[in-house]
Structure formats: structure tokens, C-alpha cells
Amino acid sequence: MAAPTVSVPEQREVTYLERCGAHSHIRGLGLDDALEPRQTSQGMVGQLQARRAAGIVLEMIKEGKIAGRAILLAGQPGTGKTAIAMGMSRALGQDTPFTNMAASEIYSLEMSKTEALTQAIRKSIGVRIKEETEIIEGEVVEVMVDSPASGSAQKIGKLTLKTTEMETIYDLGTKMIDCIMKEKIQAGDVITIDKATGKVTKLGRSFARARDYDATGAQTRYVQCPEGELQKRKEVVHTVSLHEIDVINSRTQGFLALFSGDTGEIKGEVRDQINAKVAEWREEGKSEIAPGVLFIDEAHMLDIECFSFLNRALEHEMSPVIIMATNRGITRIRGTNYQSPHGIPIDLLDRMIIIKTTPYEEKELKSILKIRCEEEDCEVPADGLSVLTRIAMDTSLRYAIQLITTAGVVARRRKSHEVSIDDIRKVYSLFLDEHRSTQYLNEYQNEFMFSEVSPKVSGGGDADTSTKTTVQPMEVSSIVTPP
Ligand SMILES: Nc1ncnc2c1ncn2[C@@H]1O[C@H](COP(=O)(O)OP(=O)(O)OP(=O)(O)O)[C@@H](O)[C@H]1O
Ligand SMILES: [Mg+2]
């Protein structure tokens, strides 16, 4: 009889960082089972069309159906493009690789642009490697360890394990005894022992012994006594990215480079060999390819060389799904003098499906701000929230989000746990938004350095940004009137 295959749930220790980033409130796309977006769910608010579209893309990625597609998230600043990409990443889970990069990163690495992109692409393709291991799984009936009084002689021990059908006594070596002591294994525990490594894992306590002790903690997990034979085969699946395999096999770097992140350039031959090997594993049924996602934020920062490289890379059979985001309109393609929608060449745009994001309405802004207040642990009463929403409408959502944190600090300074309207007023006057800052510059420009150089003041960013305000420099002749 062939040994049955059982799957043992892997336990993962989770540690949460007590830190809160711009998108830390986002836990998924907030869709229901029919892929319809809920108005507010998993930290996501509104932007229904874009979330619905993202949900469909996500579903196709999960099914492993698509590879080598490109998706563009396009919309005004602060309309949640990056947030939607983060939501997709959270919803994909651990087993599908998701690489997140900003387009400008490729200019700051010590390698060529195409190498940086190739590495990013290969980081986004997972290889699921299947492995079978032999394990012993059963409920502990008895553990006996003899420690000889002299202390110098070897410890000896016996372990009795049972399933619902059989019971066996195993002799324990010193190493196994140490493992069992360390895991505090006692009668009534259900454990697995990996035969190859001797690793002991406690799955929980047996239901049958649930009443033996009254003083068990709330976190004690109860499991059924295993059925069938004690020795079982277990299939384990590891997901590694092609990039990780590259680094491990590249002789100049060695696998330690994975930890330092200093991988340098990887030779083409190494990659060819690995592609061939992976294809071989695939045919033998030992592994499968899991195309993941490469997210390139601020995609207008890529230049023409990168765009044509991506054109080609998308057609490769082992290509991930590439998602880009941009807030630019019709603008110059970096590295050329040509203009194009979103600063992306038409031939690449033609290969993309475009998801657009639209500005929020008052109600949605209020919900997002409310979620952010909770995320940042700031208690803001209803009237304060209305003021913040008003500010978000008049200035920008980002500015209003910044005010939450700063107002929170001000409130704490006066030993209050609630942010008052006065706190918000105070930080509103302390920190300028873009509009007021421009106004200030207009009034006092003569006192700043270099103000006379350009007649135009842009809203920040690089030269492509469409200018909101045009400032006419004050005519010198109007000040110095001739006598
Ligand atoms: N629909 C939403 N639900 C919840 N939070 C949102 C939503 N949209 C935006 N946010 C939050 O608002 C802030 C700004 O959004 P985000 O950074 O995603 O904008 P963006 O479209 O990427 O802008 P840019 O073009 O400037 O990069 C972030 O903190 C984001 O988490
Ligand atoms: Mg963004």
C-alpha cells in the first residue's frame, strides 16, 4: 500500500511592527466573493470601478492564467493608485511573488538599467518546488528519559507514540532527547518528527486529553489523534523566485549576497542554465512556475530604453504581470523629445490595459480620513473630522492625512487624548499646503535666493509637471521710478 500523503499545516510566527506607513491601513482590495467592491472594506474606500478592475486582474493572476500582461493605473495624484497596488499585494498572499519598485530606483543602482529590470522581473516569478519528506506523526503516550546519575554517561530515552490504529515505542538518541526537552513535549501532545532532520514540531494537544488539566492557557490548540500509520509521507512546497535561484547559483556572488542585497550583475549564461533547469523540473512534475507581479510605481520616470526592454520582456514565456502607475498626462517620454500620453510610448501603451482612478467625493474623503485616524490612534471627534474633510477638499487628501499625525502630537502635548478643532487649526497654520506655500512665495519671492531666474514656479517635482500658478516677477521698473 502506498503511504498516504498528509499535509501538516506549517506554523509561522508573526511579529507586527508597531509602525504605521502611508498605506498601512490597507489590508486588501475589499471585494466580496463575486469580486464586487464593498464601499468600505479592508481599509479601502470608494474608487469602485478601479477596484473592480483590479479584482478581475487579481483573480486571473491567482489562477495563474495570465503572464506577460501589462496593466497601467492612471489618475490624478492622491487618487489611490499606489493604495490599490498595495491592496493587490496584500490579497495575493505569501505564495505569489509581488515585487514593488519605484521607476527611479533603476537609476540609482550600481548596475545597468536593463540588468536592474531583469532582476526585478525575475524576482517576480516564483518557482514552486515540490518535495516529499517522511514524517512520523502521532500522539505521545509516554516519554521516558533516564539521566544517569554520574552525568557523564549518555542519556537514554524511549518515546511511545500512537495513532488511532497503532502504537509504537521508539528509542531516542541524545539529540532527539534534547529536541523533546526543548519543545517541552509531554504525554497527550500530538507531534510530528521529520525523519530526515529529526525536527520535532508540536501540533497541539489531543482532544482525548483535553480534560486532564484544568489549567491550560487559552492559546492551547486541540487536535484530533492522527489516524492510520505512524509513518507518513508529507509533501512540502517551497516557493522561491527565479532571482533567488540565480543568486545562489552565481559563482561570483554566492548565496550570502541574498542577505546583503548586494547581488551585482548576474551573467547571462547563469540565467540560461537556470531557465533550462527549471524547464526540466517542470517537465518532470517537480516544480511549477507561479508568475507573480512586478509593480512599477511612478512609471513615467522610466526612459525609452527601459520601455523598449519591457516591450520585449513581456513577450517572454516566463514573464510576470507588470503593473505600472502614473499620475502624468500627456508629457515628454524620458530620453526623447517626443510627447506621449502618460509619458509612455504608444507601442507599450497599446500592449497595456488601463485602469483609471478618479478624484474622491466628500463622503469618501471623510471615510478615508476616519480610517487613517484609527490607524494612527488619534481620537478625532465628528466636528474635527468634518474640518479635516473640508481641508482635504480644499487642498489635498495627502495634506489632510499629514495633519492627523501632527494634530495628534499637539493634542498629546497638552495631555489630551482627543484632537480638538483648535489643534487642527494650530497645525493648519504651522504647516502650509502647496497652495498657501505658493502664495507665500509669490509675496516674498524677492527675499529668496534665485527667485529671479525663472518666471515660472512649478508645483514641485520635475520639469514635466504642469504648472498651476504662473508667477510674474515684479517689474524692477515699477519699483524704481525714475525721478
Ligand atoms: N480608496 C482608498 N481607500 C483608502 N485609502 C486610500 C484610498 N485612496 C487613497 N488612499 C490613501 O490616500 C493616500 C494617497 O493615496 P496614494 O498614495 O495611493 O495616491 P496615488 O494615486 O498613488 O498618488 P500619486 O500619483 O501622487 O502617487 C495614501 O495614504 C493612501 O493609502
Ligand atoms: Mg503613488
Side-chain angles (χ1 to χ4, degrees), residues 19-31 36-55 58 71-91 98 100-105 293-302 323-331 341-344 354-378 385 388-389 391-393 395-406 408 433-434 458-462 464-466 468:
R19 207 185 284 162
C20 135
H23 306 287
S24 53
H25 60 290
I26 287 168
R27 316 227 145 71
L29 278 177
L31 308 175
E36 278 300 307
R38 299 195 176 97
Q39 178 61 29
T40 306
S41 169
Q42 295 187 311
M44 273 284 187
V45 180
Q47 208 60 265
L48 301 180
Q49 284 281 11
R51 277 163 61 203
R52 192 175 291 137
L58 191 72
I71 291 131
L72 178 67
L73 286 162
Q76 290 94 323
T79 48
K81 298 177 295 294
T82 311
I84 287 178
M86 291 305 113
M88 291 177 86
S89 142
R90 304 273 144 82
F98 187 102
N100 186 351
M101 70 183 284
S104 37
E105 269 173 49
V293 179
L294 169 59
F295 173 57
I296 307 179
D297 210 350
E298 315 288 336
H300 49 263
M301 290 304 286
L302 294 176
I323 301 180
M324 298 191 199
T326 178
N327 56 16
R328 297 299 153 95
I330 296 173
T331 178
H342 311 297
I344 298 174
I354 302 175
I355 300 177
K356 79 170 195 303
T357 55
T358 47
Y360 293 110
E361 281 165 16
E362 185 171 346
K363 210 173 71 205
E364 292 160 337
L365 288 176
K366 197 168 192 166
S367 305
I368 297 177
L369 287 167
K370 187 150 177 264
I371 293 175
R372 282 308 301 185
C373 291
E374 282 161 18
E375 181 69 22
E376 300 190 17
D377 247 344
C378 280
L385 198 61
L388 281 175
T389 314
I391 294 175
M393 297 275 288
T395 63
S396 76
L397 172 60
R398 282 222 175 85
Y399 177 68
I401 291 179
Q402 310 274 37
L403 291 191
I404 299 176
T405 331
T406 41
D433 57 284
E434 185 257 358
S458 73
D462 52 324
D464 297 338
T465 322
S466 58
K468 250 191 193 169

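As the structure lists them, so they are numbered: ligands from 1, and atoms in each ligand from 1. The chain is numbered in sequence order, starting from 1.
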For ligand 1, indicate whether the residue L397 contacts it via side chain, backbone, both or neither (heavy-atom separation under 4.0 Å).
side chain

Which protein non-hydrogen atom lies closest to atom 25 (O) of ligand 1, naming both residue and atom, and how far is it?
K81 NZ, 2.7 Å

So which protein heavy atom does atom 28 (C) of ligand 1 come closest to, and at what separation?
H23 CE1, 3.6 Å

May I ask you to list the atoms of ligand 1 that are less than 4.0 angstrom from any heavy atom of I26?
31 (O)

Measure from the side-chain N and O atoms of S41 to the backbone N and O of P37, and report whether any donor-acceptor pair falls under 3.5 Å.
no

Quick one: does any side-chain atom of R372 pair with a main-chain N or O of I404 as donor and acceptor, under 3.5 Å?
no

Assess, by modelled atom type and distance only, whether the side chains of E376 and T405 contain a donor and an acceptor separated by less than 3.5 Å.
yes

Among all protein heavy atoms, pick the one closest to atom 18 (O) of ligand 1 and tell me residue, atom and distance.
A83 N, 2.9 Å

Is there a polar contact, in the sense of an N or O pair closer than 3.5 Å, between A22 and ligand 1?
yes

Nearest-option assignment for atom 15 (O) of ligand 1, heavy atoms, candidates P37, G80, A325, S396:
G80

Among all the protein's non-hydrogen atoms, which is closest to atom 19 (O) of ligand 1, and how far away is it?
R398 NH2, 3.2 Å

I'd like to know whether ligand 1 has G46 as a neighbour, heavy-atom separation below 4.0 Å.
no

In this structure, atom 4 (C) of ligand 1 is nearest to the protein heavy atom G43 O, 3.1 Å

At under 4.0 Å between heavy atoms, is it the side chain or the backbone of I371 that contacts ligand 1, or both, or neither?
neither

Has E364 got a side-chain atom pairing as donor or acceptor with E361's backbone, closer than 3.5 angstrom?
yes

Side chain, backbone, both or neither: which applies to I401 and ligand 1 if a contact is any heavy-atom pair less than 4.0 Å apart?
side chain

Please round to the nearest 0.5 Å and tell me the distance separating atom CD1 of I401 and atom CG of L388.
10.0 Å

Quick one: does any side-chain atom of H342 pair with a main-chain N or O of G329 as donor and acceptor, under 3.5 Å?
no

Hey, does the side chain of S367 reach the backbone of K363 with a donor-acceptor pair shorter than 3.5 angstrom?
yes

Counting backbone and side-chain atoms alike, does N327 have an N/O/S atom under 2.8 Å from the Mg ion (ligand 2)?
no

Rounded distance (nearest 0.5 Å) linking atom CG of L73 with atom CE of M88
7.5 Å

For atom 1 (N) of ligand 1, what's the nearest protein heavy-atom neighbour? Residue, atom name and distance, please.
V45 O, 2.6 Å

Does K81 reach the main-chain N or O of T357 with its side chain, forming a donor-acceptor pair under 3.5 Å?
no

Can you tell me if R90 uses its side chain to pair, donor with acceptor, with the backbone of L29 under 3.5 Å?
no

Just to be sure I read this right, does ligand 1 sit under 4.0 Å from the backbone of E298, its side chain, both, or neither, counting only heavy atoms?
side chain

So, is Y360 polar-close to ligand 1, with some N/O to N/O distance under 3.5 Å?
yes

At under 4.0 Å between heavy atoms, is it the side chain or the backbone of H25 that contacts ligand 1, or both, or neither?
side chain

T82 contact mode with ligand 1 (heavy-atom cut-off under 4.0 Å)
both

Using distance alone, decide if ligand 1 has a nitrogen or oxygen within less than 3.5 Å of any nitrogen or oxygen in P77.
no

Regarding E375 and S24, is there a side-chain donor-to-acceptor distance under 3.5 Å anywhere?
yes

Going by heavy atoms in the side chains, are L294 and M101 under 4.5 Å from each other?
yes

Examine the side chains of Q47 and T358 and answer whether a donor and an acceptor come within less than 3.5 Å of each other.
yes

Between ligand 1 and N327, is the shortest N or O to N or O distance under 3.5 Å?
yes

of all protein heavy atoms, closest to atom 23 (O) of ligand 1 is G78 N, 2.8 Å

